[in-house]
Amino acid sequence: MDVVRPEFLPTAGLSREEMESMQRDIASAAEFTDRHSLDPASVALSETPTDRETADGSGAGTEQATFASGDADGPVVVGVDQAFRDDESVSAAVAIRDGDLVERAAGRAPLALPYIPGLLSFREGSAIVDALASLSVDPDLLVFDGSGRIHFRQAGLAAHLGVVFDTPAVGVAKNLLCGTPAESLDDPLPAGTRVAIEADDSMDAPDGTVVGYAVQTRQYPNPETRHVNPLYVSPGHRVSAASTADFVEATCTGYKLPAPTRLADRYADDLR
DNA sequence: GCGACAG
DNA sequence: ATCTTGTCGC
C-alpha cells in the first residue's frame, strides 16, 4: 500500500515540540466517523484463519510473503504488531480475508527514541510504515496494537498510521493511556460488556467526549476466582468509536485479542 | 510541585 | 515491549 500523507511520516530527529505539534495536525486530519465499506458481519468472517506455516528467509530491511488463497471477495483486515530486538524495532503485518491468511510483511527500523507515553508512534512508526508499504494487498481495515483516539492529543499510533495511509484503522490496547471510564472497571465485567471511555482534562478533546470503549471480549466462568481484563479500543481513522468496538468484538470470538492481532503477534515473535 | 502514563 | 519457571484454574 502507498503512503498518502508523507508530511506525517514519523521522522527521526524531531524535537518533542515538533512531534506534539504534528500530532495536533494528525488529529485534525483524522476522521473519527465511519467512512469505509465494512460491516461487523463481513469482518467477523476473518476469524478462523487457516494458519499456514512460517518458513521465511530473514534479513535486513523489509521482507514480504504472499500466500495463495481463494476468491477475492471479503474485506482485507490487517493486524499489526511490534517487537524489539536489540536496538531495532520489528513490525509484523498480517493480512486476512475470509478467514484465510492472504499475505504478511515485516518491517525493521533502528530505535531512535526511548519509550515516552504519548509518543509511541514516533518510536515504532518507521518499522510499521516499512511493513505496511511492502504489502501488495490493499487493506480495508488496519488493526493496531495501541491506542487511537484515546490519546492526550487524540493522535495515538492507530490514528497516526491510519492517517498516513488514509486507511480505516482502529487501535486495540491492553492498558488505558488516558481518559476516564464512564463506569467503574474495578470489578470483573461479563463478556460482551462495553464501557465508554470519556475524555478528561488530560486530553485535548472536550470533556466527556466518548473517545473509545473498554470492551470485555472474553471472561472466565467464575470471575471471582480468575478474571480477564478488558481491552481498550479506540478509533484510529475513518471509523467511529461504536464501530471500532463492533469490529474488535467481531474478530475476537472466544479470545481476548482479535484474530489479526494474534497472528501478527505470533509472526512478530518468529521474526525476533 | 504531584501524579499518571499505549508498547 | 523485554527479562523468565512454574503454577493455578478451567
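Atoms considered below: every heavy atom in the structure, side chains included; atoms not considered: hydrogens, waters and symmetry mates. Reminder, nothing fancy here: chain letters follow the sequence lines and each chain counts from 1.
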Could you state the [atom1]-[atom2] distance from [X] to [N], rounded to the nearest angstrom?
X	N	atom1	atom2	answer
D200(A)	dC5(B)	CG	P	11 Å
E20(A)	dC5(B)	CD	P	18 Å
R218(A)	dC10(C)	CZ	C1'	9 Å
D201(A)	dC5(B)	CG	P	14 Å
N229(A)	dG7(B)	CG	C1'	16 Å
H160(A)	dG7(B)	NE2	C1'	16 Å
I150(A)	dA4(B)	CD1	P	19 Å
L177(A)	dA6(B)	CG	P	6 Å

Margin query: Counting only heavy atoms not in D207(A) (residues, nucleotides, ligands), do more than 12 fall under 6.0 Å from its CG?
Written below: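 Atom CG in D207(A) is crowded, with more than 12 foreign heavy atoms closer than 6.0 Å.
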Item checked: Along DNA chain C (nearest heavy atom to each residue), the more 5'-positioned of Q82(A) and N222(A) ->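 Counting from the 5' end, the first nearest nucleotide belongs to Q82(A).
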Notebook entry, point to check: Starting at the 5' end of DNA chain C and moving along, which residue's nearest nucleotide shows up first, Y220(A) or R272(A)?
Noted result: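 The residue whose closest nucleotide sits nearer the 5' end is R272(A).
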Side chain of [X] (C-beta onward), nearest among [options]:
X	options	result
K174(A)	dC5(B), dG7(B), dC10(C)	dG7(B)
R226(A)	dG9(C), dT2(C), dC5(B)	dG9(C)
T225(A)	dC10(C), dA6(B), dA1(C)	dC10(C)
F152(A)	dC5(B), dC10(C), dA6(B)	dC5(B)
A83(A)	dT2(C), dG9(C), dA6(B)	dT2(C)

Item checked: CA sep, side-chain torsions, deciding dist, call: D140(A), V43(A), side chain to side chain contact (heavy atoms under 4.5 Å, CB included) -> CA-CA 10 Å; D140(A) 291 297; V43(A) 172; over 6 Å; no
Next item on the list: Using a heavy-atom cut-off of under 4.0 Å over every strand shown, decide if G171(A) touches base, sugar-phosphate, or nothing.
Entry: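 The answer is nothing, as G171(A) stays clear of every strand by at least 4.0 Å.
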Check: How is L111(A) classified with respect to the nucleic acid when contacts are heavy atoms under 4.0 Å: base, sugar-phosphate, or nothing?
Finding: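 Counting heavy atoms under 4.0 Å across all strands, no contact is made by L111(A).
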Margin query: I'd like to know if the side chain of S15(A) pairs up with that of E18(A) as donor and acceptor (distance under 3.5 Å, no hydrogens or angles considered).
Written below: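 S15(A) vs E18(A): donor-acceptor pair found between side chains.
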Item checked: Lys/Arg cation over aromatic Y267(A): R272(A), 6.0 Å, 45° cone ->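 Relative to the ring axis of Y267(A), which defines the angle, R272(A) lies outside at least one limit.
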Next item on the list: Would you check if the side chain of E88(A) reaches a backbone N or O of A127(A) as a donor-acceptor pair within less than 3.5 Å?
Entry: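 No, E88(A) side chain to A127(A) backbone: no donor-acceptor pair under 3.5 Å.
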Item checked: Any Y115(A) side-chain N or O less than 4.0 Å from OP1/OP2 of dA6(B) ->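 Yes, within the criterion.
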